[in-house]
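Following: one structure in structure tokens, then a few remarks.
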Amino acid sequence: MAGMSQGTLVSDTAMVMAAGLGKRMLPLTAATPKPLIEVGGKALIDYMIEHLADAGIERAVVNVHYLADQIETYLTGRDHPEFVFSDEREQLLETGGGMIKAWRAGLLPDPFYCLNSDNIWIDGRRNTLLDLSDKWDPERMDALLLVVPKERAFQHRGKGDFHLEADGRLRRRGPDEDSAPTIYIGAQIVSHRLLRDALEGPFSTMVLWERAIAEGRLFGVEHRGEWFDMGTPEAIAPAEAHLSGG
């Protein structure tokens with residue numbers, strides 16, 4: 001595999017989430033799916049594809065729903081990684097339901113990477129997927145999430161998602177807490193154990209994460225680089241300025 005000299009991957013397959021409606025990015029997403037919105041001269045999904053290729057991922061399973069034809073046309077014909085599509089045209093299944101559909105179709109090995117296609121991160125000293133791989137322990141973990149401290153979460157205005165404990169376990173921000181110090185930034189390693197006994201239809205991955213938290217099997221890794229929340233059109237210009245060194 002390309003990139004293997006930097007470390008060892010735990011899987012050769014990644015699922016890339018590309019089915020969402022991108023409502024917060026309107027009006028740009030009225031006729032273009034959010035993964036194809038350009039930032040710094042290239043589509044958002046290309047930033048994720050570059051991470052996959054650099055790490056040596058051989059196969060990307062991309063789920064599609066909104067303006068699915070555009071995404072399929074954009075990716076078809078590329079040879080690294082190989083692209084396979086999980087078709088959600090009939091029903092948008094959200095993040096959890098999308099993983100379950102692809103898993104039940106036999107598209108996802110155990111474990112697999114799962115990446116969002118609509119944000120941007122900059123690696124630290126090495127490829128971030130290899131950093132995740134180094135920390136993966138299937139005996140202890142159902143999922144391993146990439147999180148970033150709020151001070152390196154550019155343009156993010158949320159309250160934070162998780163507390164990263166000293167032993168690497170994640171604890172979700174409680175309903176009475178004003179904030180949590182880290183944010184999930186759309187990259188994780190997922191085991192089939194996390195997906196067991198899953199619901200049918202649309203649901204959030206948070207349902208599965210909460211069960212893993214209760215069992216002490218949801219872990220996190222701190223991202224050593226930077227992350228850009230690309231939630232709205234107003235986020236594009238400052239991200240472009242930072243990426244270009246402005």
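Keep in mind the model is a prediction, meaning the values are calculated, not measured. Heavy atoms only: backbone and side chains are in, while hydrogens, waters and symmetry mates are out.
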Could you tell me which non-hydrogen atom of [X] sits nearest to which non-hydrogen atom of [Y], and how far apart they are?
{"X": "Lys150", "Y": "Ala180", "value": "CE-O, 3.2 Å"}
{"X": "Leu146", "Y": "Leu132", "value": "N-CD2, 4.3 Å"}
{"X": "Leu107", "Y": "Thr13", "value": "O-CG2, 4.0 Å"}
{"X": "Val61", "Y": "Ser86", "value": "CG1-CB, 4.3 Å"}
{"X": "Glu88", "Y": "Ala19", "value": "OE1-CB, 3.9 Å"}
{"X": "Gly20", "Y": "Tyr66", "value": "O-CB, 3.6 Å"}

Could you tell me whether the side chain of [X] and the main chain of [Y] form a donor-acceptor pair under 3.5 Å?
{"X": "Ser244", "Y": "Ala241", "result": "yes"}
{"X": "Arg217", "Y": "Met141", "result": "yes"}
{"X": "Gln188", "Y": "Phe112", "result": "no"}
{"X": "His156", "Y": "Ile183", "result": "no"}
{"X": "Asp110", "Y": "His192", "result": "yes"}
{"X": "Arg24", "Y": "Met230", "result": "no"}
{"X": "Thr182", "Y": "Phe162", "result": "yes"}
{"X": "Ser133", "Y": "Leu9", "result": "no"}
{"X": "Tyr113", "Y": "Ile57", "result": "no"}
{"X": "Thr95", "Y": "Ser204", "result": "no"}

With rounding to the nearest 0.5 angstrom, report the [atom1] to [atom2] distance, [X] to [Y].
{"X": "Leu129", "Y": "His51", "atom1": "CG", "atom2": "NE2", "value": "7.5 Å"}
{"X": "Phe203", "Y": "Glu94", "atom1": "CZ", "atom2": "CD", "value": "9.0 Å"}
{"X": "Asp123", "Y": "Arg224", "atom1": "CG", "atom2": "CZ", "value": "13.5 Å"}
{"X": "Ile236", "Y": "Ile37", "atom1": "CD1", "atom2": "CD1", "value": "6.5 Å"}
{"X": "Asn116", "Y": "Lys34", "atom1": "CG", "atom2": "NZ", "value": "9.0 Å"}

Just wondering, more than 12 heavy atoms not from [X] lying within 6.0 Å of its [atom1]?
{"X": "Lys135", "atom1": "NZ", "value": "no"}
{"X": "Asp178", "atom1": "CG", "value": "no"}
{"X": "Glu90", "atom1": "CD", "value": "no"}
{"X": "Arg125", "atom1": "CZ", "value": "no"}

Side-chain donor-acceptor pair under 3.5 Å between [X] and [Y], yes or no?
{"X": "Trp136", "Y": "Asp134", "result": "no"}
{"X": "His163", "Y": "Glu177", "result": "yes"}
{"X": "Asp229", "Y": "Gln155", "result": "no"}
{"X": "His242", "Y": "Glu226", "result": "yes"}

For Tyr74 and Asp69, run side chain to side chain donor-acceptor pair (under 3.5 Å): C-alpha distance rounded to whole Å, both residues' side-chain angles, the deciding distance at 0.1 Å, then the answer. CA-CA 8 Å; Tyr74 187 78; Asp69 291 353; over 6 Å; no

Taking the six-membered ring for Trp, are Trp209 and Tyr184 closer than 6.0 Å centroid to centroid?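 That pair passes the under 6.0 Å test.
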
Looking at Tyr47, is Lys42 sitting on its ring face, NZ or CZ under 6.0 Å from the six-membered ring centre and within 45 degrees of the normal?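 Yes - Lys42 lies over the ring of Tyr47, closer than 6.0 Å to its centre and within 45° of its axis.
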
